[in-house]
Each structure stands twice: as C-alpha cells, then as structure tokens.
Amino acid sequence: MHVHLIVQKIQTSIKLANNKMRIIILNKADLADEAVTKAWIDWYSAHNVKVVPIIATSGKGIKEVVKIAEDLLREKIERDKARGRIYRPIRAMIVGIPNVGKSTFINALVGKKSAKTGDKPGVTRGKQWVKIRKGFELLDMPGILWPKFEDQTVAQHLAFIGSINDNILDNRQLAINLLDLGLKEFKDKIEDRYKVELPDDGYEAFKTIAVKRGLIIAGGEIDELRTAQIILDEFRGGKWGHITVEHPKNI
Ligand SMILES: Nc1nc2c(ncn2[C@@H]2O[C@H](COP(=O)(O)OP(=O)(O)OP(=O)(O)O)[C@@H](O)[C@H]2O)c(=O)[nH]1
Ligand SMILES: [Mg+2]
C-alpha cells in the first residue's frame, strides 16, 4: 500500500542495492490508491527502475516479477553458457521495511508457507534462504529501518502503516495524527467508513468516532485505547478504502 512510498527513501539510505540488478516491488496494491500506484510506476520508470505492483496475498503480479527477473538475468545466463558455465544459481535478496509483505511474497513464489508471516513488524527474525526451484534462491530478511529518524513525517507514515512496533508508540496519539492527515486528504473515505459527519480536527473526530461506535467505558468516558486500536487496524486493513499516504510529487 502506502508502503512503496517509503521504499525510494530506503534506496537512498542504504547501499545494499548498489551495482546489483534490482526490481522494485510495490506490494499490497490491493490497499493502495490505484491512480497513485500508477503515478509511482511512472515515476520509477522515468528513473529507469524496474517496478511492478503486486498483491502477495492473492499472488497477483508474482508471475510478472519472475518474468522481469528472468529478463534481467537472461544476458548474464547467456554469457555464462558461452563460457561453459552452465549452472550458476540465481540468488536474490528481498529487502524492505518491516511488515510490507516480504515473507508473504516469498511464500507466494514458492507456492507454500516456507517463511513465517504476520500482521506486525519484526516477524522475520534472521536471514533465511528459500529455494524457489533448482538454481533459484531467495533470501528472506528481517525488515529494516533507519537507526534514527530525522524526518518525523516519514516516521509517522511508517507508524501509520504498521511498520514500527506499536508497543513503543502512543497508539492514541498515532490514531489522532492519522485522523488529522486523513481528514485533510480523504475525509470522505473516513466519513463513509464510520457513517458520521466528522470535524476537521483529529482529536474531535477521534471522539466522534468513539461515540458513534459506542466505545464508552464505565463513567461515560471514551475508551481511548480501544478506539485508537480500531482506527489503526481498520485503516491498515483497508477498511477505509484504497489509500496511499505518499505521492511521487512529494519526494
Ligand atoms: N492486504 C494485503 N496484505 C498483505 C499483502 N502481502 C502481505 N500482507 C500481509 O501483511 C502482513 C505482513 O506480511 P509479512 O510477509 O510477514 O511481512 P514482512 O515484510 O515479511 O515483515 P517482517 O518480516 O516483519 O519485516 C501479513 O499480515 C500479511 O498477510 C498484500 O498484498 N495485501
Ligand atoms: Mg518477514
């Protein structure tokens, strides 16, 4: 979804992909705004980067990734053959921020659950080679983040999409910040979801949603923790509709 937005920044932050052939995979396309995904594809293509949107959970786009990888490697394989080196395994590394679906993608390629997946960041703990077929292996890696965030907007966006562990964040504030952004950019989608007219202020909207959903505890107060969790879970689960947080024009 909103995920691929950040990938570009990662590329500039790490040197892992230097001099390596690479494909940018835009996963969770089912959650993203189609027009913005298209804008990202155009943006990457204009920068001569191979890019493909996929839905790892349904397998959509997986074949396309394989085809692009094979095209990229064909030249290399031909060269090997000419030199009499028939068998050299293809090894590729899957790199990305936490919780974007790296392991799910690998499982979709293998056709079985080889790598552990889960709807929180930090599921993959160590590196793991997964054999796709003879001569083709992928390295599943734990998601990576910057050691330190200079840009708080990026950190917020990562937190919204669930790439930063919720345990270390104030979920209530996070949900309010998400509403603040959402009310500016896609208010109609949030109002549609909660079937209520919302004010422009994140905290006021938070309270309105809590009341509408009956999230009240003894004494008539709002159950802020549950409200926050519901707002975050529903956004991340695509219940607000197809949303992309970052656009190419902003980078
Ligand atoms: N909607 C949607 N969910 C997806 C898709 N791909 C993966 N997911 C879900 O996203 C969550 C994270 O998937 P993982 O494959 O564990 O992500 P990861 O990138 O390996 O995460 P770490 O190992 O923690 O870095 C899981 O709940 C998946 O089911 C997709 O294409 N669409
Ligand atoms: Mg993983």
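Note that ligands are numbered from 1 as they come in the structure, with each ligand's atoms numbered from 1 the same way.
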Visitor: If every non-hydrogen atom of Leu158 is compared with every non-hydrogen atom of Ile97, which pair is closest and at what distance?
Guide: CD2-CD1, 3.3 Å
Visitor: Under a 4.0 Å threshold between the charged nitrogen and the carboxylate oxygen, would Glu204 count as salt-bridged to Lys207?
Guide: yes
Visitor: What do you reckon, does Lys60 put a non-hydrogen atom under 4.0 Å from ligand 1?
Guide: no
Visitor: At the 4.0 Å heavy-atom cut-off, does Gly118 count as touching ligand 1?
Guide: yes
Visitor: Do any N/O/S atoms of Ser103 come under 2.8 Å of the Mg ion (ligand 2)?
Guide: yes
Visitor: Do we see a donor-acceptor contact under 3.5 Å between the side chains of His157 and Glu246?
Guide: yes
Visitor: For ligand 1, which atoms, with element, lie under 4.0 Å from some heavy atom of Pro121?
Guide: 24 (O)
Visitor: With a 4.0 Å cut-off on heavy atoms, is Gly96 in contact with ligand 1?
Guide: no
Visitor: Output the list of atoms in ligand 1 that are nearer than 4.0 Å to some heavy atom of Gly143, sorted by atom number.
Guide: 25 (O)
Visitor: Can you tell if the side chain of Asn171 reaches within under 4.5 Å of the side chain of Gln229, non-hydrogen atoms only?
Guide: yes
Visitor: Do the charged groups of Asp71 and Arg74 touch, with an N to O distance under 4.0 Å?
Guide: yes
Visitor: Show the atoms of ligand 1 that are less than 4.0 angstrom away from any heavy atom in Lys102.
Guide: 15 (O), 17 (O), 18 (P), 19 (O), 20 (O), 21 (O), 22 (P), 25 (O)
Visitor: Given Asp119, Leu145, Thr124, which one has a non-hydrogen atom that is nearest to atom 23 (O) of ligand 1?
Guide: Thr124
Visitor: If only side-chain N and O atoms count, and only distance matters, is there a donor-acceptor pair under 3.5 Å linking Asp140 with Ser103?
Guide: yes
Visitor: Specify side chain, backbone, both or neither for Leu31, according to which of its non-hydrogen atoms lie closer than 4.0 Å to ligand 1.
Guide: side chain
Visitor: Check each atom of ligand 1 against the heavy atoms of Gly122 and keep those under 4.0 Å away; list them by number with element.
Guide: 24 (O)
Visitor: At a 4.0 Å threshold, what atoms of ligand 1 neighbour a non-hydrogen atom of Lys120?
Guide: 24 (O)
Visitor: Under 2.8 Å from the Mg ion (ligand 2), is there an N/O/S atom belonging to Asn99?
Guide: no
Visitor: Within a strict 4.5 Å, meaning less than it, do heavy atoms of the Thr227 and Ile222 side chains meet?
Guide: yes
